[in-house]
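Numbering of residues begins at 1 and proceeds along the displayed sequence. All heavy atoms count here, side chains included; hydrogens, waters and symmetry mates do not.
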Amino acid sequence: MRSLVAFAALAAAPALAQHPVAQLNAGMHLIRAEVVSDPGTRAQGLMYRKSMAQNAGMLFIFDEAAVHCMWMKNTLIPLSVAFIDENGKIVNIEEMQPQTTDSHCAKKQIRYAL
């Protein structure tokens with residue numbers, strides 16, 4: 001099972017959308033992730049973005065562990081989502097196509113999605 005090794009402290013510098021940013025470590029990969037943790041920013045997600053930098057993403061922090069799902073309505077770029085449990089282990093990864101309303105769900109309860 002893959003794991004997201006470290007959730008770094010939130011950086012003070014905001015990302016393009018004015019979200020806090022976290023440096024994440026997944027094996028030898030460093031990921032700069034905008035952090036969204038309230039219902040409004042989670043609902044907006046990466047909608048309307050025309051591009052994303054390499055090794056960039058968005059970390060969704062949910063209020064409670066559950067089987068959370070994602071969709072791509074109004075999202076213009078293809079994305080992969082990693083569903084992550086409370087211990088930082090990746091449960092499953094789903095490939096998502098732009099501008100669809102297909103649901104992509106965690107295979108078990110998770111607390112985070114990247």
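- Side-chain atoms of Arg49 never come within 3.5 Å of backbone atoms of Leu76 as a donor-acceptor pair (strictly under, hydrogens ignored).
- Across every non-hydrogen atom of Val67 and Cys105, the tightest pair is CG1-CB, 4.4 Å.
- Linking Ile, Leu, Val, Met, Phe, Trp and Tyr residues whenever their side-chain heavy atoms come within less than 4.5 Å places Ile93 and Leu24 in a single cluster.
- Nearest heavy atoms, Glu94 versus Asn92: OE2-ND2, 3.0 Å.
- Going from atom OG1 of Thr100 over to atom CE of Met72 covers 6.0 Å, rounded to the nearest 0.5 Å.
- For the side chain to side chain contact (heavy atoms under 4.5 Å, CB included) test with Tyr112, the passing option among Asp85, Val91, Leu59 is Leu59; the others fail.
- Evaluation of the salt bridge (Lys or Arg N to Asp or Glu O under 4.0 Å) rule for Asp38 yields no partner, not counting sequence neighbours.
- Nearest heavy atom pair, residue Ile31 against residue Ala56, reads CG2-C, 4.3 Å.
- Across all their heavy atoms, Ser80 and Glu95 have their closest contact at OG-OE1, 2.6 Å.
- The distance from atom CD of Gln44 to atom OG1 of Thr75, rounded to the nearest 0.5 Å, is 8.5 Å.
- The CG atom of Asp102 sits 11.5 Å away from the SG atom of Cys69 when rounded to the nearest 0.5 Å.
- Arg42 places a side-chain N or O within 3.5 Å of a backbone atom of Ser37 that can act as its donor or acceptor partner.
- Screening residues 36-81 for ring pair (Phe, Tyr, Trp, His ring centres under 6.0 Å) gives Phe62-His68 as the qualifying pairs, with residues at least two apart or on separate chains.
- Distance check, rounded to the nearest 0.5 Å: OG of Ser103 to CE of Met96 gives 11.0 Å.
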Between His19 and Met58, does a side-chain contact (heavy atoms from CB on, under 4.5 Å) hold up when you go through it step by step?
CA-CA 9 Å; His19 300 299; Met58 182 169 278; 4.0 Å; yes

Evaluation steps, side-chain contact (heavy atoms from CB on, under 4.5 Å), between Gln23 and Arg32:
CA-CA 5 Å; Gln23 286 288 117; Arg32 185 174 187 274; 3.5 Å; yes

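- Atom-to-atom distance recorded for Glu86:CD and Arg111:CZ is 5.5 Å, nearest 0.5 angstrom.
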Pair Ile77-Leu46, side-chain contact (heavy atoms from CB on, under 4.5 Å): steps then yes or no
CA-CA 9 Å; Ile77 54 177; Leu46 291 166; 5.7 Å; no

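- Pro78 and Pro98 get closest at one heavy-atom pair: N-CG, 3.5 Å.
- Of all heavy-atom pairs spanning Ala82 and Ile90, the tightest one is CB-CG2, 4.2 Å.
- Proximity of Met52 to Leu79: side-chain heavy atoms (C-beta onward) are separated by under 4.5 Å at one or more points.
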